[in-house]
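See below for the structure under consideration.
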Amino acid sequence: MRIAVTFENGQVYQHFGHTAQFKLYDVEDKEIVHTDIADTNGSGHGALAGFLSARQVDAVICGGIGGGAQAALAAAGIKLYGGVTGSADEAVNALLAGELNYDPDVQCSHHGHGHRGEMNSCGSHCGNH
């Protein structure tokens with residue numbers, strides 16, 4: 001299994017469509033066996049689903065994410081764990097332990113609608129353009 005986390009300075013980056021990097025985690029038997037940092041090279045929003053699919057990613061952990069990007073991930077068969085904050089490494093370990101605190105209904109739009117609480121809000125920087 002391969003997990004990708006939107007990544008900046010060790011933390012879960014809060015704007016899926018604007019992330020400059022993903023930290024990739026290769027997992028076997030619920031243990032992390034390898035990590036790598038992948039630069040997105042300016043890919044954004046829906047294009048990131050193809051970026052992740054090409055890297056054989058099975059699941060994504062992120063902060064805010066818009067509906068278009070969610071649909072692109074779903075179409076690519078990539079499981080989404082959105083609305084996550086804090087350390088990227090801790091988030092992956094929590095997911096593997098079945099204890100990740102995420103929002104299955106996370107929404108983010110550049111119009112500011114659909115936010116569910118300040119912690120999951122990403123303001124005007126992500127969404128479906």
Check for a donor-acceptor pair, side chain of D103 on one end and backbone N or O of D105 on the other, with a separation under 3.5 Å. yes

Residues D26 and R2 bridged, charged N to O under 4.0 Å: yes

All ring pair (Phe, Tyr, Trp, His ring centres under 6.0 Å) counterparts of Y81, not counting sequence neighbours: Y102

I need the L24 CG to Q21 CD distance, nearest 0.5 Å. 10.5 Å

Is the backbone N or O of T19 less than 3.5 Å from a side-chain atom of T40, with the two atoms forming a donor-acceptor pair by type? yes

Test item: E99 side-chain N/O and N93 main-chain N/O as donor-acceptor pair under 3.5 Å: no

From SG (C62) to CG (L48), nearest 0.5 Å: 10.5 Å

Would you please indicate yes or no on a ring centroid separation below 6.0 angstrom for Y13 and H15? yes

Correct closest heavy-atom pair for V12 and V84 would be CG1-O, 3.4 Å

Does any non-hydrogen side-chain atom of F22 lie less than 4.5 Å from one of I37? no

Closest non-hydrogen atoms of A88 and V5, given as atom of the first, atom of the second and distance, are CB-CG1, 3.8 Å

Checking the side chain of Q14 only, and the main-chain atoms of I65 only, is there a donor and an acceptor separated by less than 3.5 Å? no

